[in-house]
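Encoded as structure tokens, the structure appears first; notes follow it.
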2 protein chains.
Amino acid sequence: MMPARIRLRTGRPRATMLTSMSTSLHHRAVEHLGTRIVGGALPTGHVMLAEHLEDELKVSRSVVREAVRVLQSLGLVETIKRVGIRVLPAHRWNPFDPLVIRWRLAGDGRGAQLRSLAELRSAVEPVAAELAAGNAPESLRQELVGISLAMKEAGDAGDMARFLDLDIRFHALVLSGSGNEMFANLIGQVTETLTGRTVHGLMPEHPQKQALQWHMDVAHAIDAGDGSVARDAAAKIMRQTIAELAPSWNDQPRVFVPVAKN
Amino acid sequence: MMPARIRLRTGRPRATMLTSMSTSLHHRAVEHLGTRIVGGALPTGHVMLAEHLEDELKVSRSVVREAVRVLQSLGLVETIKRVGIRVLPAHRWNPFDPLVIRWRLAGDGRGAQLRSLAELRSAVEPVAAELAAGNAPESLRQELVGISLAMKEAGDAGDMARFLDLDIRFHALVLSGSGNEMFANLIGQVTETLTGRTVHGLMPEHPQKQALQWHMDVAHAIDAGDGSVARDAAAKIMRQTIAELAPSWNDQPRVFVPVAKN
DNA sequence: TGACACCGATGTGTGCTGACATCAAAACTC
DNA sequence: GAGTTTTGATGTCAGCACACATCGGTGTCA
């Protein structure tokens, strides 16, 4: 016989979520808090109470707590007993986390974030090209050569949409071909900067003839296993890219992270 | 009148936590699962049930769920309704997260992780030095010069402990002085590789005379605002560092992250 | 009277649990 | 085979017990 199920609580239908987002409550909570912290709406040192967040987000403690735990792992907040949830200074944030990058790109820090990413690219891609020349599998080298030729075609024809697609794949293949998983992980961010550059009209009407040649140089050097040539050609691409983009962030102030005392 | 508070449950005293660790249950759970996943004990595609983890870790659902949420944000697992918690392939992990790096360094992936970090350093530090020459605040430039001189002293005197401390601070200052928060965030990882190099006896008895000179070159070039000289000197340091360390990871296989189709 | 150490009250994160809600895989029906 | 129902896992909620840092009061001593 089935014991009668005791119904302790009515289990009200819970408002049926008027804002019928497809995403989960957890996702929404992380997103809400992350954007507000990174965007500066919640300044460094600001203390929140879990209970207050429940009211603000209209969710239960579980959701708030799980979201706070995630933000904690990103370095955005810390929890202190008897005090609350405190917003940490920006230099404690994990600047490599995709979420943090996305939130910065969406807010005031957009310029500074793009500069950081561009500088990171300018550092990494030449070394990635050099490593790819030594390590990349044969099929990848050949695809790279093919793409560099297709880029020239698309560039000469003025087909910028196709050029962008090829450009993205080109740089993704170089990063992947390095055999370094940290480099490969930057593919997403590089893609973001490349698309952003065209979307925001920072791309020249036609790709520079030089840039097309440099891409082919990189591809052929990787194919030939010539690391230093690949590196130098990639460095040239990066220098030109930085030069093109620099005006858009020249006014952004630089922040100097304090070095922990020994 | 106060309504009588209905006591739904006795709330038993909860076993008083025999394993009286100083760390929180949440921390322990994240650590336990993270090390086992990154260490390979839980292979890609392995599916766990939350309830099973409760039993295994002897913790409640809240702790398991919060830990899983954090691991999810690191890209180590995904949760699927009606299926469970699935371990994701390594190329989905966030290779820049300090936790992931630490877990890899602690397990079989140690060699590959050190290579990745060293290659990242070799890419970033020259560019960081170049940027520092243009951006670093005056006080930082001067400290850098002072440290490079002290490094020479310590090196000539054979005081390797002091040399290591100075070396760490030197590279931290260069990264910080770049004014790029992503570069600055690598300070921790660079410190790890530097200490690891000496701890594991991969460091020469006396620092190379050339290396000492290169450090001074970097410092003076940054102080003088000469970016390209700083970059080239830093690149020389990196080349030598890589050459010293390479034997320790030459047998590690490289992994090539698949590039998403367009 | 004033400075300081102690100690209890208070409040907030941490952790545990039962009860649903939801949704997709799997089983079932036609 | 297509559509429907069942099932079983995560998702969410709410209440309680506990640990512990902080604050403020109290007592002691100078």
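Per chain, numbering begins at 1; letters A, B, ... match sequence-line order. Please read these numbers as outputs of a predicted model, since none were measured by experiment.
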**Request:** Check the distance between D/dA14's C1' and A/E54's CD and give it to me in whole angstrom.
**Result:** 9 Å
**Prompt:** Counting side-chain heavy atoms from C-beta on, which of C/dG15, D/dC13, D/dT10 comes nearest to B/L49?
**Reply:** D/dT10
**Prompt:** Of the options B/R254, B/R104, B/H91, which is the one that meets A/E181 in a side chain to side chain donor-acceptor pair (under 3.5 Å)?
**Reply:** B/R104
**Item:** Residue whose closest nucleotide on DNA chain D lies nearer the 5' end, B/V83 versus A/V83
**Value:** B/V83
**Asked** What is the distance, rounded to the nearest whole Å, between atom CD of B/E66 and atom P of D/dT12?
**Response** 13 Å
**Asked** How many Å lie between CE on A/M48 and C1' on C/dT12, as a whole number?
**Response** 14 Å
**Fill in**
B/V59 has its side chain closest, among C/dG13, D/dT12, C/dC16, to C/dC16
**Request:** Tell me whether the OP1 or OP2 atom of D/dG11 has a side-chain N or O from B/R82 closer than 4.0 Å.
**Result:** no
**Request:** Round to the nearest Å and state the distance from A/H52 atom NE2 to C/dT12 atom C1'.
**Result:** 15 Å
**Message:** Are more than 12 heavy atoms, taken from residues, nucleotides or ligands other than A/H46, located less than 6.0 Å from that residue's NE2 atom?
**Reply:** yes
**Prompt:** What nucleotide, of D/dT12, C/dG13, C/dG15, holds the atom closest to the side chain of A/A50?
**Reply:** C/dG13
**Asked** Could you state the NZ-P distance from A/K81 to C/dT10, rounded to the nearest angstrom?
**Response** 19 Å
**Complete:** note: B/L25, atom CG; D/dC18, atom P; distance rounded to Å ~ 15 Å
**Request:** Using a 4.0 Å heavy-atom cut-off across all strands, classify A/R69 as base, sugar-phosphate, or nothing.
**Result:** sugar-phosphate
**Message:** Could you tell me how far apart A/L57 (CG) and D/dC13 (P) are, to the nearest whole angstrom?
**Reply:** 10 Å
**Message:** If I take atom CZ in residue B/R61 and atom C1' in nucleotide D/dT12, what distance separates them, rounded to the nearest angstrom?
**Reply:** 10 Å
**Request:** Using a cut-off of strictly less than 4.0 Å, decide whether B/T79 has a side-chain nitrogen or oxygen near OP1 or OP2 of D/dG11.
**Result:** yes
**Message:** Using a 6.0 Å cut-off, check whether atom CG of B/D159 has over 12 heavy atoms from anything other than its own residue.
**Reply:** yes
**Item:** Heavy-atom neighbours of A/E51 CD exceed 12 at 6.0 Å
**Value:** no
**Item:** Phosphate contact (D/dT10 OP1 or OP2) by B/R65 side-chain N/O below 4.0 Å
**Value:** no
**Item:** Side-chain N or O of B/S60 closer than 4.0 Å to phosphate OP1/OP2 of C/dC16
**Value:** yes
**Request:** Show your reasoning for whether side-chain hydrogen bond (donor to acceptor under 3.5 Å, both in side chains) applies to B/W103 and B/E31.
**Result:** CA-CA 9 Å; B/W103 292 329; B/E31 209 65 25; 3.0 Å; yes
